[in-house]
Amino acid sequence: MPSPVLVLVNSPVLPHDDSSSRPAIEIADPTSPHVSVLDLGVTRGDGIFETIMVTRGEAPAIDAHLARFASSAALLDLPEPDPAVWREAVALAMSSHPTVDVLAVKLVLTRGMEGTGVPTAWALAMPTKDFSADRETGIRVVALDRGYRHDVAQTSPWLLQGAKTLSYAINSAALREAGRRGADDVIFTSSDGFVLEAPTASVLLRHGDRILTPPTEHGILHGTTQRRAFEFFAARGYVTRALPVTRIDLERADAVWLASSIRQAVPVVELDGRPLQHDLELTRALNAHLSLRDRD
Ligand code: PLP
């Protein structure tokens, strides 16, 4: 497997520090240490990230990722990421990595070393695991209560729901709980019964000619893959809507997917041990669109 490509982003935010003599971005050795043990990204998970899918030499959702990166930074009161510098960093990481089917480029911006106020930032490109079996056979999911009401983003914005922060310990714990219950993944619900998102994916469902996803006002990430999936469905004549979704909506759906940049659209074939309907042909067509294979 080709080794990762690391790009250090030395001027990640606006305004730039003009006194610095370092280049805005530079390739570095990913096997050497670059992050201090005092970095707040490490000690507090205080920072943000994005994972961008690159295939066939393109990053089809880069604009949506950079927009979400900026909105996560704003929610955390971090300085504004400079989109031009990050775009260059992604381009350099992509062009420096050998060609692979799907490359993941992870962007990280932390609050930096305690007391300095200077953020730490990098982009790391690496090949991804092959998820094609999950896309074909589907996954078993359990519903887990996230413990917050659906309106938590409005009532308690300091909980940072809707920001893509580096603190994924809760998401990882939920996935381990799914494993203990004999499942592959999780759909989080709000304490008042609304379907939210998965620990690393958005939820999409089909009811006849309608494709639904829970609204971002319910304290969830605005999925870039969900948005690309909606473009696909709208072009095929489906009605696409972000609307409140309940567990009964999942149980009665003609299809349910978890959608994310690298895994793409994975059909959910079981919820809490009960089978759900799925649609292999539609899933294949959707994934051909997401991975740009439908251009052939
Ligand atoms: N929701 C959460 C919590 C996520 O972590 C992710 C992706 O990692 C998503 C949704 C899906 O986002 P995207 O489609 O942009 O990868």
Side-chain angles (χ1 to χ4, degrees), residues 45 47-55 58-73 75-76 86 90 102-109 124 126 128-129 131 134-135 139 141 143-148 150 152-153 159-175 177-178 184-190 194-205 211-233 240 242 245 256-268 283 286-287 289-292:
I48 56 173
F49 78 103
E50 284 293 324
T51 304
I52 300 178
M53 190 255 321
V54 175
T55 188
E58 284 185 48
I62 188 167
D63 293 343
H65 282 289
L66 291 178
R68 191 170 63 191
F69 203 45
S71 98
S72 297
L75 281 164
L76 269 74
W86 284 98
V90 173
V102 181
L103 185 68
V105 182
K106 185 166 183 178
L107 316 184
V108 178
L109 176 71
L124 184 71
M126 36 184 194
T128 65
K129 205 181 128 190
F131 290 103
D134 286 354
R135 289 181 208 118
I139 53 170
V141 162
L144 295 182
D145 182 353
R146 178 130 86 180
Y148 296 148
H150 73 282
V152 65
L159 293 178
L160 302 178
Q161 295 303 296
K164 199 163 166 65
T165 78
L166 291 173
S167 318
Y168 262 50
I170 290 172
N171 306 41
S172 303
L175 289 171
E177 178 62 22
D184 309 302
D185 214 315
V186 172
I187 290 181
F188 282 126
T189 54
S190 65
F194 292 98
V195 170
L196 298 173
E197 63 187 340
T200 65
S202 310
V203 176
L204 269 74
L205 50 158
I211 304 290
L212 304 176
T213 196
T216 52
E217 292 74 26
H218 286 191
I220 59 175
L221 285 192
H222 196 181
T224 65
T225 316
Q226 172 266 308
R227 282 179 262 179
R228 295 185 63 228
F230 269 28
E231 285 163 18
F232 163 86
F233 285 119
T240 56
V245 173
V256 178
W257 296 274
L258 298 190
S260 56
S261 300
I262 304 300
R263 210 165 32 153
Q264 299 168 4
V266 176
V268 179
T283 302
L286 171 57
N287 280 316
H289 172 77
L290 295 174
S291 60
L292 309 180

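We count ligands from 1, going down the list as the structure has it; atoms in each ligand are counted the same way. In this chain, residues are counted from 1 in sequence order.
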Heavy-atom nearest pair, Gly219 first then Arg146, reads O-NH2, 3.2 Å

Rounded to the nearest 0.5 Å, the CG atom of Asp134 sits from the OG1 atom of Thr283 at a distance of 12.0 Å

Sorted by chain and residue number, the side chain to side chain donor-acceptor pair (under 3.5 Å) partners of Arg135 (sequence neighbours excluded) come out as none

Applying side chain to side chain donor-acceptor pair (under 3.5 Å), can you list everything that pairs with Asp63, at least two apart in sequence or on another chain? Arg87

Residues passing the side chain to side chain donor-acceptor pair (under 3.5 Å) test with His218, sequence neighbours excluded, are none

The answer, listing residues by chain and number that come under 4.0 Å of ligand 1 through any heavy atom, is His65, Arg68, Lys164, Tyr168, Glu197, Ala198, Pro199, Thr200, Ala201, Ser202, Leu221, Gly223, Thr224, Thr225, Ala259, Ser260, Ser261

What is the ring orientation for Phe49 with Tyr168, classed by angle as parallel under 30°, tilted 30 to 60°, or perpendicular over 60°? perpendicular

